Each structure stands twice: as structure tokens, then as C-alpha cells.
Amino acid sequence: MKEKIGIIGGTGIQNSLLIGEDAQGVTVNTPYGSVHLLKGALKKKEIYFLNRHGYDNAHTILPHCVNYQANIYAFSSLGVERIIGTAAVGSLRADFQPGSLGVLGQFIDFTKGRKSSFYQGALLEQGKFVNMTYPYCPEMNQCFLGAGKKLGIPLVGDLVYVCTEGPRFETAAEIKAFGILGGDVVGMTSATEAILCRELGICYASLAMSMNMAAGTTGEGEKEIVCFDMARLEEKIIALLTQVIMDLSAVRQCGCRQWSQGV
Ligand code: HPA
């Protein structure tokens with residue numbers, strides 16, 4: 001059976017360039033709603049591409065309105081075992097300037113009012129909880145860092161992502177607090193996807209793309225949130241994702257599946 005890999009695009013990764021022009025539309029009906037994806041192939045692997053914000057370039061589905069449960073369930077029902085999410089982020093780190101790329105290692109979840117679990121009522125077997133110690137697949141992260149080295153694309157590893165509810169950006173005080181808590185970058189989607197993937201035993205990694213310095217971090221007052229044009233990263237991102245897809249082992253070697261069974 002062909003390996004199946006999911007890609008979730010978002011801000012900056014609006015299209016399916018990665019999987020070529022003969023990608024076909026696929027609709028998957030789930031208990032949470034129907035999901036539209038594009039199916040293509042790359043290096044003999046089956047690739048399913050989803051844009052979490054919709055396909056019309058208008059960013060019509062805002063981060064707090066994304067149907068995360070339906071999206072992740074759809075990938076699972078297609079037999080996808082690994083998902084790469086892309087995440088536009090605000091940076092709290094001077095060494096992660098707009099235009100930089102990295103991979104997430106941890107998250108701190110400040111979302112509220114979202115459906116962030118498939119479990120309603122009963123949780124796994126009695127008294128068991130999903131193990132989220134390492135929310136992003138360590139094997140996929142290694143693969144990203146290796147691919148970055150091969151291609152000469154610098155990647156910052158092990159970033160701590162603070163996930164906010166959005167759709168607004170943060171106050172300067174919120175960002176200051178997130179920094180004290182250990183956050184490196186801030187965004188609105190990745191934690192929810194990572195949690196739902198783990199619950200279904202899907203490996204998930206997140207490519208962080210620094211879009212702007214986070215609110216209040218540059219000392220430039222009102223003028224300070226300047227967004228990098230993510231289209232400028234497109235070529236690099238496509239090269240990187242293609243290399244990662246090529247390099248991923250056929251059989252998963254990580255603990256993600258086992259961690260989903262609970263502790
Ligand atoms: N805050 C939250 N989400 C974001 C940001 C930000 O500064 N930049 C890109 N996504």
C-alpha cells in the first residue's frame with residue numbers, strides 16, 4: 001500500500017503547487033462535517049492537501065472557526081498516518097526574524113471555546129489519558145532538520161508555540177507574559193491540530209514560518225507589526241516539504257501511536 005501523507009496549508013501556503021497540476025478534489029464526509037481536500041502524488045507517495053482557511057485565497061475560515069475535528073478525522077479516514085502542518089507565526093525571538101523557518105517542539109495552549117478533543121464523556125479506557133509530553137512527532141522533526149541541512153535551508157528546532165484563540169493578534173502584555181512562560185512563537189492553529197492528531201494516533205509536525213515580530217517586541221510602538229510577504233518563502237517551503245516527504249521512513253519509528261493509547 002502507498003504511504004499516505006497529509007499536508008495542511010494555511011496562511012502563506014494557499015495552494016497545492018507541491019502536488020502538481022493533476023491533483024484531484026476529494027470530499028470526505030465525517031461525523032463532524034464534510035471536508036474538501038486535494039489528492040496528488042509525490043515521489044510515489046500519496047499526498048492529501050488541505051487548506052485550513054479555505055481555497056479561495058480570501059482566508060475565509062478564520063482560525064477560531066476552522067472545523068479541526070472534521071479536518072483531522074478526514075485525514076484519518078483516508079488512512080493518512082503522518083501530517084505536516086504549516087504555521088505562520090509571530091516571533092518572540094530576536095534570532096527568529098520574519099522570513100525565518102523552524103519546527104515546533106512544544107506548545108502552550110491558550111485556546112478557549114474550541115472543540116480540541118474527540119473524546120466526549122468517556123476518555124480512552126477508564127483512567128487513561130493521552131500522552132502529550134512530546135506533542136510533535138520527534139521522527140518527523142528530525143527528518144525536517146536533516147532536510148534543511150541537505151538543502152542549505154536554516155531551520156530553528158524545538159520552538160515553543162503559544163496557541164491563542166484569535167482571530168486577533170495579541171496585546172503587548174500578553175506577548176510579554178508568553179515570553180516569561182517560555183514561548184518562542186505565537187499562532188492560532190497548531191496546538192489544536194497536534195492534539196487531535198495525537199488522539200487519533202497520527203504523527204504531526206509543524207513547519208513554523210515567521211511572519212512578523214510579535215506585538216510589543218520591537219519597541220517601535222504603533223508601527224511595529226510588519227508582516228513578511230510569505231509568498232517569498234514559497235519556493236523554499238516547497239523544496240523543504242518535498243525533501244521531507246522523500247526522506248520519511250516507510251514505517252513509523254516514533255512513539256506517537258503508542259502515546260495516543262494513553263498512560
Ligand atoms: N500572533 C498570532 N498569530 C500569528 C501572528 C501573531 O503575531 N503572526 C502570524 N500568526
Side-chain angles (χ1 to χ4, degrees), residues 7-15 50-55 57-68 71 83-114 116 135-136 144 155-156 158-196 204-234 236-237 240-241:
I7 310 250
I8 304 179
T11 311
I13 303 291
Q14 306 277 3
N15 61 40
L50 167 79
N51 192 323
R52 64 169 83 83
H53 298 306
Y55 295 95
N57 271 351
H59 222 279
T60 41
I61 311 173
L62 291 168
H64 65 308
C65 299
V66 171
N67 190 341
Y68 295 96
N71 289 350
I83 296 176
I84 300 168
T86 61
V89 297
S91 173
L92 281 73
R93 276 175 48 167
D95 64 348
F96 198 60
Q97 288 290 314
S100 307
L101 296 173
V103 283
L104 304 182
Q106 290 287 326
F107 67 69
I108 304 172
D109 187 5
F110 277 102
T111 62
K112 48 195 172 196
R114 285 186 192 181
S116 311
Y136 298 97
F144 260 105
L155 287 182
V156 178
D158 226 5
L159 290 164
V160 178
Y161 178 94
V162 177
C163 196
T164 66
E165 181 68 12
R168 65 173 176 85
F169 275 9
E170 300 68 36
T171 65
E174 285 171 328
I175 292 297
K176 191 171 172 193
F178 295 160
I180 293 167
L181 291 176
D184 293 315
V185 294
V186 60
M188 307 175 196
T189 55
S190 178
T192 316
E193 288 173 358
I195 296 166
L196 294 168
Y204 181 76
S206 202
L207 174 65
M209 311 174 296
S210 177
M211 189 167 104
N212 55 281
M213 293 310 292
T217 56
T218 65
E220 298 204 359
E222 287 166 21
K223 282 188 292 185
E224 85 165 80
I225 298 194
V226 178
C227 290
F228 186 85
D229 175 10
M230 305 299 268
R232 287 168 57 195
L233 286 177
E234 191 166 77
K236 262 193 208 169
I237 289 170
L240 192 60
L241 295 182

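Just follow the structure's listing: the first ligand is 1, and inside any ligand the first atom is 1. Keep in mind that what you see is a predicted model, and the values were worked out from it rather than measured.
- With respect to the salt-bridge test (charged N to carboxylate O, under 4.0 angstrom), the residues E170 and K176 do not qualify.
- Summarising the geometry of I225 relative to M213, their closest heavy-atom pair is CG1-O, 4.4 Å, with the distance given to 0.1 Å.
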With the criterion set at N/O pairs under 3.5 Å, what does the list of contacts between the protein and ligand 1 look like, atom names and distances included?
unit_1   : atom_1 : unit_2 : atom_2 : d
ligand 1 : 1 (N)  : E170   : OE1    : 2.8
ligand 1 : 1 (N)  : E170   : OE2    : 3.2
ligand 1 : 7 (O)  : N212   : ND2    : 3.0
ligand 1 : 8 (N)  : G90    : N      : 3.2
ligand 1 : 8 (N)  : N212   : OD1    : 2.7
ligand 1 : 10 (N) : A88    : O      : 3.3

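- Not a single donor-acceptor pair under 3.5 Å links the side chain of T60 to the backbone N or O of G54.
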TODO: List the steps and the verdict of side chain to side chain contact (heavy atoms under 4.5 Å, CB included) for I108 and L181.
DONE: CA-CA 9 Å; I108 304 172; L181 291 176; 4.3 Å; yes
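- Ring to ring, Y136 and Y161 are not that close: their centroids are 6.0 angstrom or more apart.
- The closest donor-acceptor contact from the side chain of E193 to the backbone of S190 lies at 3.5 Å or more, if one exists at all.
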